[in-house]
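The structure displayed is predicted, hence computed values, not measured ones. These numbers come from the heavy atoms of this one structure, side chains and all, not from hydrogens, waters or symmetry mates. For reference, positions follow the sequence shown, starting with 1.
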Amino acid sequence: MRSTIHNPLTAVRNLGILAHVDAGKTTVTERFLYATGTTHKRGEVHDGTTVTDFDPQERDRGITIFAAAVSCAWDGHRINLIDTPGHVDFADEVERSLRVLDGAIAVFDAVAGVEPQSESVWRQADRHGVPRIAFVNKLDRAGADLDTAVESIRQRLHPAPLVVQLPIGTEDGFTGVVDLLRMRALVWADGGDTAEEGPVPDALRDEAERRRRRLEEAVAELHPLALEEFCAESTLSARTLASALRDLTRTGEGVVVLCGSAYRNRGIEPLLDAVVAYLPSPLDVPAVRGTHDGTEQERAADAQAPLAALAFKVSATATGRLTYLRLYSGTIRKGDTVLDAGTRRGERIGRILRVQADRHAELDRAVAGDIVAVVGLKSARAGATLCAPTAPLLLEPPSVAEPVVSVAVEARRSTDTDRLATALARLAEEDPSLVVRTDPETGQTVLSGRGELHLEVAVEKIRQTRGGLEVAVGRPRVAYRETVVRGVSGLVFRHVKQDGGAGQFAHVVLDVAPLEGEGDGAATGFVFRSTVVGGRVPQEYVRAVEAGCRDALAEGPLGGHPVTGLSVTLTDGATHSKDSSEMAFRTAGRFALREAMRTGVMGLLEPVADVTVTVPADAVGGVLGDLAARRGRVSDSVPRAGSVVITATVPLAELFGYATRLRSRTQGRGTFTTRPAGYAPGTVPVS
């Protein structure tokens, strides 16, 4: 269906749904689509009938793997919604989504509270400054407790939780909520799609008044205007309270907390109302900033301003290549030519689509504030800036995390080698966190990603290509690093080369030392500085020495792994009036650092992960023993509702196949989640 209706910017909400895996993100999204009339049947994750989890792998595994965009309308507002993955292996999908969103809903399990990946995505949203509201889901489950979940938000995420609802009933008897702003009850009948509004039940009136008072006091502490009214009137009006909650949400000083059960369709309409009331429109967030010719510029959210859009996702479909865009300013129309600011290439907009997961509605144009997909771009990648050719602007792309796990892949039939190369190139184009390279020693094609599941999904996607592609996969390998355990001081290196004509001369003196790490983790990174005085080494040569040192970090002396966690200081040097050059000093820096690493003591670093294992109480002993055998360091063990939650730090290499092992030790009742925790020294330092 063709549509040319565009909401004004004040009536647009661009938001994502963030949570730990299995907290109910996709179910919340499905209920949004149903409540807004976008769909006419409730999609269920367990039935494989959801709109956003449309990929066959998502339906088979019952988890969200790829961020999916949908659009719906509520109370005169256009809501562009991105359902993000909850599994840690797909954190880069979350990162790319957060880069283009104005707000988010953080979903928490009412039994588990803040889980490890909940914390990770919350920190990601913090880095991007994305305002959030919280939805405590699954209040109908046994052991559900709103207050406990809210306290975990306070303790682990550190915002001020501002609870605006009181549940009516507990666990299986949960039937509705009390709206503390308007002091009304919303009750959902079994099988009912809409709430029946009524007075607060007598049994809950005193508790509701206490909680309303507590909410007013918490808001008054954080909001100056609310404090003035509270001091003058000893209370806050619903209007003042709503305005203050909106301000506190935008600044991140507080997080509005709602509750419900998405599966039973309870609490969805108030959550949609909260999205409209508290989360910002494109006009409420700061103007996007970019650079052009080294100068920083701003583009306001204005449809009449020059175009500035960020491509945050690329997807290959049966109908063509889709590029997902967030328009920050300007307007695009079918047939327009835009500039890829990074490559300086022109691209033509073939079609513009309003996305509903795997379905699309064609648009004639898109304006500032829109999230749409376009067809026709040939080379723009995720992270590319599209702008008006007459007003170039380069926006900061989303960051891409380094891969930590690799597998060797090859086509089983030699005739499929070219098809495999094409499929791998398309994968890396769609998912920048996947890296494809050729091992220089073995000649094998190596696929690297963020985790075992990440690579499993990627390989399965190759196998699902048209015609079927049979692929052989080697055992996963982790990405080791090398570091300096004991450095050297005063290492002298002279680079002299004379073979006719102008020669090369560079003399450098280096101190190499390990960087200090924080806590138990190993330090990563590289720091270079110069203490040369008297102009013995000109500044341009100092920069060349640093570049040479960075060249040397590509391969360490132990196993050719990248080197990290060291500090290099250029303390002295000498030049030749004719034969010194930047190239000579770069070469000297590279060979000097290599010699310093061979002279000093080097150690191996391995990637480690924080693991949270939830097991029945009768299986704790076996699970702890297995973690110890995997070189895991247990940091905590907490009983919770008949089970025990164990947290530990385990080398990533030891986690391959852990899911199968855990299931066998707990008769299928144990679950675990992981998140990267950086690098730690290997078991045996090597010198």
Query raised in the report: Less than 4.5 Å apart, any side-chain heavy atom of L307 and any of R299?
Result: no
Query raised in the report: Between I79 and F32, is any pair of side-chain heavy atoms under 4.5 Å apart?
Result: no
Report task. Could you grab the distance from atom CZ of R212 to atom OG1 of T235, nearest 0.5 Å is fine? Result -> 5.5 Å
**Report entry** Beyond-backbone contact of E119 with L157, side-chain heavy atoms, under 4.5 angstrom
**Finding:** yes
Report summary line: To the nearest 0.5 Å, atom CG of L310 lies from atom SG of C387 at 11.5 Å
Query raised in the report: Residues two or more places apart in sequence or in another chain: which of them pass side chain to side chain donor-acceptor pair (under 3.5 Å) with R96?
Result: E93
Query raised in the report: Can you list the steps and then say if I371 with F312 is a side chain to side chain contact (heavy atoms under 4.5 Å, CB included)?
Result: CA-CA 10 Å; I371 292 178; F312 66 95; 3.9 Å; yes
Query raised in the report: Does R326 count as lying over the ring of Y324, i.e. NZ or CZ under 6.0 Å from the six-ring centre, within 45 degrees of the axis?
Result: no
Report summary line: Between E430 and the options K461, R321, K313, the salt bridge (charged side-chain N to carboxylate O under 4.0 Å, His left out) test singles out K461
Query - Any side-chain heavy-atom pair of V257 and L162 under 4.5 Å - result: no
Query raised in the report: Given L81, which of L101, T38, T36, I17 fulfils the side chain to side chain contact (heavy atoms under 4.5 Å, CB included) condition?
Result: I17
Report summary line: CD1 of I153 to CZ of F108, rounded to nearest 0.5 Å, is 4.5 Å
Report task. Could you tell me whether a side-chain N or O of T385 sits under 3.5 Å from a main-chain N or O of L395, the two making a donor and an acceptor? Result -> yes
Query - Min side-chain heavy-atom separation V275-W74 under 4.5 Å - result: no
Report summary line: Sorted by chain and number, sequence neighbours left out, side chain to side chain contact (heavy atoms under 4.5 Å, CB included) with T249 holds for P131, I133, V256, Y278, L279
Query - Check ion pair R13-D284 (N to O, under 4.0 angstrom) - result: no
Query raised in the report: Do NZ/NE/NH1/NH2 and the carboxylate oxygens of R345 and D340 come within less than 4.0 Å?
Result: no
Report task. Determine whether the side chains of E95 and S399 contain a donor N or O and an acceptor N or O closer than 3.5 Å. Result -> yes
Query raised in the report: Would you say the side chains of S433 and D431 form a donor-acceptor pair under 3.5 Å?
Result: yes
Query - Donor + acceptor pair across side chains of S71, N80 (<3.5 Å) - result: yes
Report task. Report the residue from T26, L271, N265, L272 that forms a side chain to side chain contact (heavy atoms under 4.5 Å, CB included) with R31. Result -> N265
Query raised in the report: Can you check side chain to side chain contact (heavy atoms under 4.5 Å, CB included) on R289 and E396, steps first, answer last?
Result: CA-CA 8 Å; R289 304 174 75 88; E396 182 183 355; over 6 Å; no
Report summary line: CG of L241 to CD of E229, rounded to nearest 0.5 Å, is 9.0 Å
Query raised in the report: Any side-chain heavy-atom pair from V164 and L258 closer than 4.5 angstrom?
Result: yes
Query raised in the report: Do V219 and L248 have side chains that get closer than 4.5 Å, going by heavy atoms?
Result: yes
Query raised in the report: So, the side chain of E429 versus the backbone of R381: is there a donor-acceptor pair under 3.5 Å, distance only?
Result: no
